Amino acid sequence: ALIRSGSALIILGLCGLSVSLPNGPLWTIILTGLLCNAGFGMMWGFIIKRVVASAEKQDKNRAAALLPMTLQTGFALGAALSGIIANSLGLGLSVDADGLKRIAFWIFAGFIPIAMLGNVFAWRFVRAS
């Protein structure tokens, strides 16, 4: 249940951040950021536990070692894609306040489809376990 609800919280947090970051107020940015982080926190430990538990005995150490690397790769990919989104919308150029709001929206809104796909995989992962 925590894996499924965590993945849903990530989607809610991204939707909230895409609206609140460009427009404020600060408390909504903090709240929606907490939703995203709570979603990750709720599910990541249980994903690790299920992956390691489902690995063959001789592969348990490899599976456990692979998960932090997978997380770091996700961080790097997310940062790279955020940079691509921001640069494609003109962040490297002189941007006015409206342009910054547009960039702030799309940095988070651009990841909502990926998060939705992740939600589908989270539901399938729980069902398969």
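Remember, it's a predicted structure, so these values are computed and weren't measured experimentally. Quick note: numbers below take in every heavy atom, side chains included, and nothing from hydrogens, waters or symmetry partners. Sequential numbering from 1 along the given sequence is applied to the chain's residues.
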Is the closest side-chain heavy-atom distance between L35 and I10 below 4.5 Å? no

Measuring from I30:CD1 to L17:CG, what's the distance to the nearest 0.5 Å? 11.0 Å

Measure the spacing between CZ of F105 and CG of L89 and express it to the nearest 0.5 Å. 10.5 Å

Taking side chain as C-beta onward, heavy atoms only, is L2 less than 4.5 Å from S5? yes

Nearest heavy-atom approach of I112 to S18 is CD1-OG, 4.3 Å

What pair of heavy atoms forms the shortest contact from G24 to I29, and how long is it? CA-CD1, 4.3 Å

Check the surroundings of atom CG in N87: do more than 12 heavy atoms from other residues, nucleotides or ligands lie under 6.0 Å from it? yes

Measuring only between side-chain heavy atoms, which start at C-beta, is R4 closer than 4.5 Å to R127? yes

For R50 and V126, which heavy atoms make the closest approach, and how far apart are they? NH1-O, 3.5 Å

Residue set satisfying side chain to side chain donor-acceptor pair (under 3.5 Å) with N23, at least two apart, ordered chain then number -> none

What are the two closest non-hydrogen atoms of I85 and F111, and how far apart are they? CD1-CE1, 4.0 Å

Please determine whether side chain to side chain contact (heavy atoms under 4.5 Å, CB included) holds for the pair L91 and L100, giving the CA-CA distance in whole Å, both sets of side-chain angles, and the decisive distance to 0.1 Å. CA-CA 8 Å; L91 186 62; L100 288 175; 3.9 Å; yes

Please tell me whether W27 and L12 are part of a single hydrophobic cluster in this structure, the criterion being side-chain heavy atoms less than 4.5 Å apart. no

Any pair counted as salt bridge (charged side-chain N to carboxylate O under 4.0 Å, His left out), so long as it reaches residues 93-111, sequence neighbours left out: none

If two hydrophobic side chains count as joined below 4.5 Å and joins carry through other members, does F46 share a cluster with L71? yes

Under a 4.5 Å side-chain heavy-atom rule over Ile, Leu, Val, Met, Phe, Trp and Tyr, are L66 and V52 clustered together? no

Inspect the surroundings of NZ in K60 and state if more than 12 heavy atoms from other residues, nucleotides or ligands are less than 6.0 Å away. yes

Give the cluster check for F121 versus W123: same hydrophobic cluster or not, with ILVMFWY residues linked at side-chain heavy-atom distances below 4.5 Å. no

Which heavy-atom pair separates A86 from I107 by the least distance, and what is that distance? CB-CD1, 4.0 Å

Could you check whether any side-chain heavy atom of V19 comes within less than 4.5 Å of a side-chain heavy atom of T28, counting everything from C-beta outward? no

Looking only at heavy atoms, which two atoms of M42 and L9 are closest? And how far apart? SD-CD1, 3.3 Å

Strictly distance-based, threshold 3.5 Å: is any side-chain N or O of D59 a donor or acceptor partner for the main-chain N or O of A55? no

Quick check on the hydrophobic clustering: are V120 and M43 connected, directly or via other members, by side-chain heavy-atom contacts under 4.5 Å? no

Is any side-chain heavy atom of L21 closer than 4.5 Å to a side-chain heavy atom of F108? yes

State whether the number of non-hydrogen atoms from other residues, nucleotides or ligands found under 6.0 Å of W44 atom CH2 is greater than 12. yes

Is there a side-chain contact between C36 and L14 in this structure, where contact means two heavy atoms from C-beta onward sitting under 4.5 Å apart? yes

Atom CZ of F40: over 12 foreign heavy atoms under 6.0 Å: no

